[in-house]
Amino acid sequence: TYTVCVIDANMCALDCSYNLIVPQCDSLDVALTKVLTSPLTPVQVGDDVTFTITVFNQGTDPIDSVQIVDYVPAGYIFNFVDNPNWTGSAPSVYYTATIGNGFLPAGGIAPASSVTFTIVLEVAPTATANNIDNFAEISGVSDTAGNVNDDDIDSTPCLLYTSRCV
């Protein structure tokens, strides 16, 4: 709330009885990073590699639902046994985390906070340097204020080794 004054030509306040209320706007904004966490290098055919995906809440309200899509390239094999909470099939697999399913903390992801998830992929016999870049992005999100963003418009798929994607 701000006080607004009416002034005369000499900059003298005539009336300061006006209050200006500026509403706070809710914003829904999330970001994602993805890093290879094990093994770091080198990998061999048949190795399981673990990627850690971190979702950041850059908005003003707690996030109560987020869906991640991971684009599994031809150089990896997705195994459900290693990823019981992921759905779909390569090349696109999904992880849905909500307060209700227990994959997000009670109260959701607070503003300026983050949560992490993992995906484990097996190095395929067909793996080459050209088909092992693994991307992920946020494909859906909602917050406790009711804001929904099914296709995060400022999202760019996050490539392994990219420090931050928004």
Check: Which heavy-atom pair separates N79 from E122 by the least distance, and what is that distance?
Finding: ND2-OE1, 3.1 Å

Note to self: Just so I know, are the side chains of Y76 and N131 near enough to count as touching, which here means a heavy-atom distance under 4.5 Å?
What the structure shows: no

Notebook entry, point to check: Cluster question for you: counting only ILVMFWY and a side-chain heavy-atom cut-off of under 4.5 Å, with indirect links fine, are V120 and I53 together?
Noted result: no

Note to self: Would you say that D143 contacts V141 through its side chain, given a criterion of any heavy-atom pair below 4.5 Å between the two side chains?
What the structure shows: no

Notebook entry, point to check: Any side-chain heavy atom of I77 within less than 4.5 Å of one from L121?
Noted result: no

Item checked: Minimal non-hydrogen separation, A124 against A74, with atom names -> CB-O, 3.9 Å

Checklist line | Side chain to side chain, V30 and F56, heavy atoms closer than 4.5 Å | finding: no

Item checked: Minimum side-chain heavy-atom gap L104-I109 below 4.5 Å -> yes

Notebook entry, point to check: So, for A136 and I68, which heavy atoms are closest and what is the spacing to 0.1 Å?
Noted result: CB-CG2, 4.4 Å

Margin query: Show every side chain to side chain donor-acceptor pair (under 3.5 Å) that has at least one partner inside residues 110-119, sequence neighbours left out.
Written below: none

Next item on the list: Let me see the working for D64 and S142 under side chain to side chain donor-acceptor pair (under 3.5 Å), right down to the final yes or no.
Entry: CA-CA 6 Å; D64 62 8; S142 66; 2.6 Å; yes

Margin query: I'd like to know if the side chain of N134 and the backbone of Y71 have a donor-acceptor N/O pair within less than 3.5 Å.
Written below: yes

Item checked: D70 side chain to S92 backbone, donor-acceptor under 3.5 Å -> no

Item checked: Evaluation steps, side chain to side chain contact (heavy atoms under 4.5 Å, CB included), between D61 and L28 -> CA-CA 7 Å; D61 296 297; L28 177 63; over 6 Å; no

Check: For the residue pair A127 and V123, what are the closest heavy atoms and their distance?
Finding: CB-CG1, 3.7 Å

Check: For the rings on F103 and F117, is their centre-to-centre separation under 6.0 Å?
Finding: no

Next item on the list: Flag the pair D82 / F80 as yes when at least one side-chain heavy-atom distance between them is below 4.5 Å, and no otherwise.
Entry: no

Check: Can you check whether V93 reaches T87 side chain to side chain, under 4.5 Å on heavy atoms?
Finding: no

Item checked: N/O donor-acceptor pair under 3.5 Å between N101 side chain and T98 backbone -> yes

Notebook entry, point to check: Would you call P111 and P62 a side-chain contact if the rule is heavy atoms closer than 4.5 Å?
Noted result: yes

